[in-house]
Amino acid sequence: MLGLDESIKDWFASQVSVWQLKNGRHDLPWQKTRDPYKIWVSEVMLQQTQVKTVIPYYLKFLKKFPSIRSLAEADLDSVLVIWSGLGYYSRARNLHQAARTINTRYSGRFPSDFESIVGLRGIGKSTAGAILVFAFNERFSILDANVKRVVTRFFYNVLDVGATHSINQLWSLVDDLVPSEGIVEYTQGLMDLGAGICKPSAPICELCPLNKHCYAYARGLFDVNQKPKSRQKSVVTKNYLVFKRGAHIILQKGSSSGIWPDLLNFPECTNDQLIKLPFLLQQNKFQFGEISQLPALTHELTHLKIAIRAFLIEISSSRRPRLINNSAWIHMSDLDNHPIPKVVRKIIALVARRKSSV
DNA sequence: AACGCGGGGAT
DNA sequence: ATCCCAGCGTT
């Protein structure tokens, strides 16, 4: 407990709720339903991912997997296909696994109590709270980036932001702020305020329904949030081999220990193998034309930068080299039916560009 | 409690 | 280049 005045709590919730009903977002796809399954899918997609990015993926996903059972019975591959390009693919894995858990443990019915929900793979405290609010109209709190920012700025004076326990302080604060009525519009309002008014930079405080008692606004504080020390990304160099035969390319399923497990990518090789590549191909009686290097490319991941050297190898024979395991010829117009990370599309775009320029 | 996760968009 | 995003799982 942070010893908040009851009147300020009531005022805060009331301001947020009233503002939301008039000025907030009401037409997002997942706002048209109370189906916990659909709410769940949206919340998982929205983890560390912006609303605008999620919308098309959400619509595609629900069309393909309209129910918990359809998701549980699907192959992981078909789930990853829909997820391709959205990133953080472990979310898709977790979603799939949790659907199967719901099938077996809860007879296919989405659980409605916090402990059961938060016990599902890929669902933490905040996502569980959001599901309980939006699907079950239960009084729970959430703490996403929006809420964190709004609450930290408004209640800056009652928080010890520099403390190591600051995240726990924020949780106890938002728990304390949960209103007795109107939890849906209150919760949605906090996020809408964070997204549209109380923005990270250049917040529009003049339009904020909380500005009258906002600590940061009163003090002219700009950034009261802790900025995480930016770590230097390590860089790795990879050689990708783009075997191309007509409109087909060879893609290989990633190992479970590497980057992008279970997704398709180009075969890789070491620098040593690269030098010996013509010899290796000949040894496999593999008929190939000239080996050309595509323009250099870097792909950035959360904690890693990949410097990519891609080599285009035109193939005339229809066989597949034995030295490439778990691989297949994929038609370039058929990529939407395969689970691939975005970097593969980038490289294929380079291949297509080269072809047209010649 | 801090860190890794091995993305992607906006500026 | 940098920052930010409807956070979670692991150690």
Side-chain angles (χ1 to χ4, degrees), chain A residues 24-25 28-31 39-58 83-95 97-98 117-135 140-150 162-171 174 184 187-196 198-203 223 225-236 238 254-263 265 298-306 340-346:
Chain A
R25 296 174 287 190
L28 297 172
W30 42 90
Q31 288 180 299
I39 305 287
W40 170 41
V41 170
S42 77
E43 292 300 333
V44 172
M45 285 188 170
L46 288 161
Q47 288 165 3
Q48 297 293 277
T49 310
Q50 295 178 20
V51 166
K52 187 179 174 184
T53 305
V54 163
I55 289 174
Y57 287 89
Y58 173 82
W83 211 272
S84 290
L86 191 56
Y88 285 123
Y89 297 92
S90 62
R91 293 182 297 174
R93 242 177 284 283
N94 293 337
L95 201 61
Q97 181 184 328
I117 294 174
V118 84
L120 294 168
R121 189 85 190 171
I123 300 182
K125 190 176 178 187
S126 190
T127 298
I131 294 170
L132 282 159
V133 168
F134 294 122
F140 278 83
S141 57
I142 66 167
L143 189 54
D144 67 0
N146 292 313
V147 178
K148 214 177 275 184
R149 190 168 51 249
V150 171
T164 52
H165 288 68
S166 58
I167 191 66
N168 292 335
Q169 278 186 53
L170 279 171
W171 269 114
V174 293
V184 171
T187 306
Q188 187 65 50
L190 276 182
M191 292 192 287
D192 292 351
L193 273 177
C198 195
K199 299 184 291 184
S201 61
D223 193 3
N225 291 332
Q226 310 180 73
K227 35 197 159 190
K229 42 195 172 184
S230 55
R231 246 173 293 279
Q232 178 107 14
K233 283 181 185 177
S234 55
V235 181
V236 297
K238 288 183 179 297
S255 73
S256 58
S257 60
I259 308 173
W260 301 303
D262 297 325
L263 274 70
N265 205 335
T298 63
H299 189 72
E300 301 215 21
L301 301 170
T302 308
H303 299 299
L304 178 68
K305 186 186 292 191
I306 310 175
I340 55 173
K342 206 151 242 187
V343 65
V344 170
R345 286 188 190 279
K346 275 203 220 172

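Chain identifiers are assigned alphabetically (A, B, ...) following the order of the sequence lines, protein sequences preceding nucleic acid strands; residue numbering begins at 1 within each chain.
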>> Pick the closest DNA chain B nucleotide for A/Pro261 and for A/Lys342 by heavy atoms, then say which residue is nearer the 5' end.
In response: A/Pro261

> When the P atoms of B/dG4 and C/dA6 are considered, how many whole Å apart are they?
Replying inline: 24 Å

> 5'-most contact on DNA chain C: A/Gly122 or A/Lys233, nearest heavy atom basis?
Replying inline: A/Lys233

> Where the side chain of A/Thr302 is defined as all heavy atoms beyond and including C-beta, which of B/dG7, C/dG9, B/dA10 is the nearest nucleotide?
Replying inline: B/dG7

>> Under the rule for ring-ring contact (aromatic ring centres under 6.0 Å, His included), what residues qualify as partners of A/Tyr57, not counting sequence neighbours?
In response: none

>> Within the 4.0 Å heavy-atom criterion, would you say A/Trp30 contacts the bases, only the backbone, or no part of the nucleic acid?
In response: base

> Within less than 4.0 Å of OP1 or OP2 of B/dG8, is there a side-chain N or O belonging to A/Tyr89?
Replying inline: yes

> Does A/Lys346 have any salt bridge (charged side-chain N to carboxylate O under 4.0 Å, His left out) partners at least two apart in sequence or in another chain, and if so, which?
Replying inline: none

>> Using the side-chain contact (heavy atoms from CB on, under 4.5 Å) criterion, which residues pair with A/Val118? Sequence neighbours excluded.
In response: A/Phe114, A/Glu115, A/Ala128

> Yes or no on side chain to side chain contact (heavy atoms under 4.5 Å, CB included) for A/Trp260 and A/Leu301, after CA distance, side-chain angles and deciding distance?
Replying inline: CA-CA 11 Å; A/Trp260 301 303; A/Leu301 301 170; 3.7 Å; yes

>> Counting only side-chain nitrogens and oxygens, does A/Trp260 get under 4.0 Å of the OP1 or OP2 atom of B/dG7?
In response: yes

> Which pairs pass side chain to side chain donor-acceptor pair (under 3.5 Å) with one or both residues in residues 122-132 of chain A, sequence neighbours excluded?
Replying inline: A/Gln47-A/Thr127

> In residues 187-195 of chain A, what residues come within less than 4.0 Å of DNA chain C, judged by heavy atoms?
Replying inline: A/Gln188, A/Met191

> Counting only side-chain N and O atoms of A/His299, is one of them less than 4.0 Å from OP1 or OP2 of B/dG8?
Replying inline: yes

> Looking across every strand, which nucleic acid part, if any, lies under 4.0 Å from A/Ile306 by heavy atom: base, sugar-phosphate, or nothing?
Replying inline: nothing

> Who passes salt bridge (charged side-chain N to carboxylate O under 4.0 Å, His left out) against A/Arg93, sequence neighbours left out?
Replying inline: A/Asp262

> Which nucleotide, B/dA1, C/dG9, C/dC4, lies nearest any side-chain atom of A/Arg121?
Replying inline: C/dG9

>> Using a heavy-atom cut-off of 4.0 Å across all strands, would you classify A/Leu28 as base, sugar-phosphate, or nothing?
In response: base

